[in-house]
Each structure stands twice: as C-alpha cells, then as structure tokens.
Amino acid sequence: MKGFNFKSAANTKEATKMAAAGRATFLAGGMTLLPAIKLRLAAYSDLINIKKIKSLSGIKVSSKSLRIGATTTHADVASSKEVGKSIPSLAVLAEGIGDPQVRNRGTIGGSIANNDPAADYPSACLALNATIHTSKRKIPADKFFKGMFETDLKKGELIVSIEFEVPEKSSYAKFPNPASRYAIVGVYVAKLKKEIRVAITGVESCVFRCKKLEDALSSNFSSSAIDSVNISSKGFNDDIHASADYRAHIIKVMAKKAVSIC
Ligand SMILES: Cc1cc2nc3c(=O)[nH]c(=O)nc-3n(C[C@H](O)[C@H](O)[C@H](O)COP(=O)(O)OP(=O)(O)OC[C@H]3O[C@@H](n4cnc5c(N)ncnc54)[C@H](O)[C@@H]3O)c2cc1C
C-alpha cells in the first residue's frame, strides 16, 4: 500500500478545507476506498476521516421526506424505526447490502459517492427522487449519477445528507451476486405523489431509470402490466456473472416481484 497522511476532521468546514489540498480524499467506512488503495487501483496524498463529524450522521423524518446523514451506516438504516415506518423498502435495501461487517462499516454517502454500477443505494436515490445535499449545493439524483464510478461531485465537495421523497408505495427487488451480494439486477419501484419511477442497477455502467416500465406502470400499477413490456438487452453488461439477455429477462422478473410486494 502506498503511503498517505491520515487526518481526522472535526466538522464539515475543516473536512472540505483539508480535502482541497493535493490528492486528498474523504474516508468514510473505507469498504471501497481501502481495498482500492491496497490493490493499487488508487493513490492519495491524504485521507480525511469524516466519521468523527457528528452532524453527518443520523436520520430525520417529516411527512414529506426522509433525510439520512452521509455517514449513517447501512446497519443503522436497516434497523431504523423511522426508515421502517416511512420508507420500508429502503430498510430492506440496506439489510441486503453485503454482509454484517460491510453493513456496520459502509455508509450511504460513501456508497453514492462511489457510484459502483452494481450498488443498491443509487437506485433508491433515482426512484425516490432524492436530493443530495452537499457542502456546496443541492443536487437532484437525476443529475448526480454521471457514469461508471462517476458523479457530479467536484473535488473537495462533501455529501452531507440524502433527502428522499416519502412515496405512497415502494419496493426494491434484487437478484444478488451470491458472493458479494452486489446487484446482478436490482429494480426499485416507487409510486410517488406525482409520478411513478423505476430505477435499475447492476445492468449498465451506471444506474438508470427505465421509461418503458414507468409508462406501463403509470397506466396500470400491477405486475401484469409488465408482461407486455419489451426490454432490449442492447448496451447491457455482459460478463461472467450474467449475459446481457439474461439481465434483460431478470429485469422483468424483478420488476414484477417489486410491484407485487409494493
Ligand atoms: C465485500 C463487500 C460487499 C459489498 N456488497 C455490496 C452490496 O451488496 N451492495 C452495495 O450497494 N454495496 C456493497 N458494497 C459496498 C459498501 O456497501 C460501501 O457502501 C461502499 O463500499 C462505500 O461506502 P464506504 O462508507 O465504505 O465509503 P469509503 O470506502 O470510505 O469511500 C468510498 C468513496 O466515497 C468517497 N466518500 C465517502 N463518503 C463521502 C462523502 N460523505 N462525501 C463525498 N465523498 C465521499 C470517498 O472519498 C471514496 O472515494 C460491498 C463492499 C464490500 C467490501
């Protein structure tokens, strides 16, 4: 592992100031960052520990939205009474991430900042019309996820919290890789006050919304409405875990499952 300076920030202002220097980056749960450094896939001059910043952690709920602090762990989301009551599908998603060690170290902010093509939370952000609150601005989820491991975040910009719209109904169905639990296909369906959103992860280089499924469910919110939807596998991931055609098939299976348990 290459050498780096380890610094702990006491507040968000200090963290963003520290991150502006050299090749610095934030360290949250370390579940992705540390293996990447260890495997020499990435190298940094400074790691800025943000886990000691109290204001970055916690869950707040109102009648319209649910706000989760960036360093809140997957285990805390999975076991939160507030999340279970207002958006139960989000608690189910968090409970299905990795294993107990990953869920107790990994954070929601780290997950969406990393934007792994097979990560679960990006699909929740898109389907639940989330707003990403950063140290500089508010970013709608539709503009946040840019490509493989790429987001709209600028250097030194810190995710502070993620605000989800509370839906009328929602659910997440995942066909997981049996080893890592990352999504081979994950489908998040949300019936919001004004629209229906369907987000898919694990299938392309970046999470995306599926207009065909959204249109079908907007006319008839039932799993049978999905039968006639034609999902083309063009551009889908085709790898050792699943072929593109298999993924296209599984999208419909997972979408039907998600709607039936909504
Ligand atoms: C064995 C294993 C299995 C896993 N299985 C799954 C799975 O099934 N589903 C799934 O979705 N994920 C899975 N993960 C990923 C895991 O859930 C973590 O969420 C993810 O690794 C990143 O979160 P972290 O808090 O550990 O971030 P870190 O590793 O600390 O950081 C990741 C990146 O995000 C940046 N960052 C962190 N916090 C912020 C912030 N607040 N603002 C701006 N940038 C920030 C860091 O600088 C770094 O670039 C798995 C990981 C492992 C190791």
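Both counts, for ligands and for their atoms, begin at 1 and track the order of listing. The model shown is predicted, which means the values in this text are computed figures rather than measured ones.
- For Thr25, a nitrogen or oxygen atom sits less than 3.5 Å from a nitrogen or oxygen atom of ligand 1, counting backbone and side chain alike.
- Between Met31 and ligand 1, at least one pair of N/O atoms sits closer than 3.5 Å.
- Qualifying side chain to side chain donor-acceptor pair (under 3.5 Å) partners for Ser55, counting only residues two or more places apart in sequence or in other chains: none.
- Near Lys174, meaning under 4.0 Å from any of its heavy atoms, are these atoms of ligand 1: 8 (O).
- Between the choices Ala28, Gly29, Gly110, the shortest heavy-atom distance to atom 32 (C) of ligand 1 belongs to Gly110.
- Remark: Tyr172 engages Tyr188 in a ring pair (Phe, Tyr, Trp, His ring centres under 6.0 Å) (not counting sequence neighbours).
- The contact set between ligand 1 and Leu158, taken as ligand atoms under 4.0 Å from a residue heavy atom, comprises 40 (C), 41 (N), 42 (N).
- Environment of NE2 in His133: crowded, with over 12 heavy atoms of neighbouring residues, nucleotides or ligands closer than 6.0 Å.
- Between the side chain of Ser80 and the main chain of Asp76, no donor-acceptor pair closer than 3.5 Å is present.
- In terms of polar-atom proximity, defined here as any N/O pair under 3.5 Å, Leu33 does make such a contact with ligand 1.
- Considering backbone and side-chain atoms together, Tyr121 places no N or O closer than 3.5 Å to any N or O of ligand 1.
- For a threshold of 3.5 Å applied to N or O pairs, the pair formed by Arg181 and ligand 1 contains at least one separation below that value.
- Numbered from 1 in the order shown, with element, the atoms of ligand 1 that lie under 4.0 Å from a heavy atom of Val102 read 1 (C), 2 (C), 3 (C), 16 (C), 17 (O), 50 (C), 51 (C), 52 (C), 53 (C).
- Tyr182 and His241 have their aromatic ring centers separated by at least 6.0 angstrom.
- Residue contacts with ligand 1: Gly98 is placed with a nitrogen or oxygen under 3.5 Å of a nitrogen or oxygen of the ligand (distance criterion only).
- Distance alone, capped at 3.5 Å, is enough to place a donor-acceptor pair between the Lys174 side chain and the Gly96 backbone.
- In this structure, Arg247 forms no cation-pi arrangement with Phe236, as its terminal cationic atom is not both closer than 6.0 Å to the ring centre and no more than 45° off the ring axis.
- Atom CD1 of residue Ile112 and atom CD1 of residue Ile159 lie 4.0 Å apart, to the nearest 0.5 angstrom.
- For ligand 1, the polar-atom distance check finds no N/O of Glu157 at less than 3.5 Å from any of the ligand's N/O atoms.
- In terms of N/O distances under 3.5 Å, ligand 1 is not approached by Ile50.
- At under 3.5 Å, a nitrogen or oxygen of Phe26, whether backbone or side chain, sits near a nitrogen or oxygen of ligand 1.
- Counting atoms of ligand 1 from 1 in the listed order, those under 4.0 Å from a heavy atom of Ser180 are 3 (C), 4 (C), 5 (N), 8 (O).
- The cluster map of Ile, Leu, Val, Met, Phe, Trp and Tyr, joined by side-chain heavy atoms under 4.5 Å apart, puts Val207 and Ile108 in the same cluster.
- With a 6.0 Å radius and a threshold of 12 heavy atoms from other residues, nucleotides or ligands, Lys54 has its NZ atom at or below the threshold.
- No side-chain donor from either of Glu163 and Thr131 sits under 3.5 Å from a side-chain acceptor of the other.
- The ligand atoms of ligand 1 that sit less than 4.0 angstrom from a heavy atom of Thr107 are 19 (O), 23 (O), 24 (P), 25 (O).
- The Asp120 neighbourhood of ligand 1 comprises atoms 7 (C), 8 (O), 9 (N), 10 (C), 11 (O), with distances under 4.0 Å to a heavy atom of that residue.
- For ligand 1, the atoms lying closer than 4.0 Å to a non-hydrogen atom of Ala70 are 41 (N).
- Close approach of ligand 1 to Ala113 (heavy-atom distance below 4.0 Å) involves ligand atoms 34 (O), 35 (C), 36 (N), 44 (N), 45 (C).
- Some N or O of Gly30 is nearer than 3.5 Å to an N or O of ligand 1, by distance alone.
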